[in-house]
Amino acid sequence: MKIKSSEFIISAVKREQYPDDNLPEIAFVGRSNVGKSSIINSLTNRRGLAKVSQTPGKTRLINFFLLNKDFYLVDLPGYGFAKTAKTNKDKWSGFISKYLSGSDNLGLVCQLIDIRHKPLDSDIESYHWLLDCGLQVQVILTKADKLSKNAAMAQKALFKRELGLDDSRIMTYSVTQNTMRSELIGRIMTALEGHY
Ligand code: GDP
């Protein structure tokens with residue numbers, strides 16, 4: 001699949017605002033600053049499409065991007081907002097979980113985890129929660145360029161063990177190297193075809 005077109009459609013906080021054309025959706029979740037916007041820009045080859053921010057927790061809305069006029073990439077607010085008040089944090093996680101557990105069009109959830117971190121409770125709990133919702137999950141270890149090849153492999157093995165994943169469900173990614181871009185597009189395609 002070639003990404004021929006990409007456009008920002010809407011930032012939403014509730015169901016009435018989501019696109020209502022029933023096109024399949026691929027969602028991106030993860031802690032703030034993990035690289036969600038960067039991976040969307042990398043996939044679409046458009047640097048400014050999703051804002052890349054240096055401040056964790058800045059993206060507080062559910063952003064829908066239409067690709068090839070055929071499916072959506074959905075950028076969700078990060079979980080684990082260190083710098084925000086608890087009440088806001090609760091509200092955000094409320095509408096994120098509502099979207100994730102309630103969307104009929106969600107074909108795949110890409111869960112992004114910073115490759116340099118050890119498995120954190122919030123990542124592990126989120127992963128199992130997504131599975132419990134009956135969702136297909138692709139784990140993506142981001143910023144792979146920050147580690148040596150060996151260290152990146154070791155982290156991949158650790159997460160694979162910790163989350164009980166088989167090889168097809170976990171991959172590394174680097175937006176600076178773009179090495180896994182076609183592989184991720186392939187996985188998205190498989191999910192869109194319903195064979196994931
Ligand atoms: P978000 O909050 O999850 O949307 O994260 P961003 O996409 O805004 O990225 C947070 C920071 O990590 C930015 O400074 C990015 O430039 C940086 N970043 C994201 N992906 C990569 C990567 O693959 N390699 C490197 N070296 N930096 C990255």
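As the structure lists them, so they are numbered: ligands from 1, and atoms in each ligand from 1. A quick note: this is a predicted structure, and the numbers were derived from the prediction, not measured. What you see below is based on every heavy atom in this structure, not just the backbone, and it leaves out hydrogens, waters and symmetry mates.
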*Could a heavy atom of S174 be found less than 4.0 Å from some atom of ligand 1?*
yes
*asked:* I'd like to check whether S37 has a polar contact with ligand 1, where a contact means an N/O of the residue lying under 3.5 Å from an N/O of the ligand.
replied: yes
_Closest to atom 12 (O) of ligand 1 among K143, Q177, K36 (heavy-atom distance)_ = K143
*Separation of I170 CD1 from F159 CZ (nearest 0.5 Å)*: 7.5 Å
*asked:* Quick check on D145 - does any of its heavy atoms sit under 4.0 Å from an atom of ligand 1?
replied: yes
*asked:* Once you measure the plane-to-plane angle for Y72 and F64, does it fall in the parallel (<30°), tilted (30-60°) or perpendicular (>60°) bin?
replied: perpendicular
_Carboxylate-amine/guanidinium proximity below 4.0 Å for E7 and K69_ = yes
*Under 4.0 Å from any heavy atom of S38, which atoms of ligand 1 are there?*
6 (P), 7 (O), 9 (O), 15 (C), 19 (C), 20 (N)
_With nothing but distance in play, are any N or O atoms of A144 less than 3.5 Å from an N or O of ligand 1?_
no
Side chains of residues 124-135: which donor-acceptor pairs under 3.5 Å do they make with residues two or more places apart or in other chains?
unit_1 : atom_1 : unit_2 : atom_2 : d
S126   : OG     : S122   : O      : 2.6

*Does the side chain of Y173 pick up a donor-acceptor pair with the side chain of S42 at under 3.5 Å?*
yes
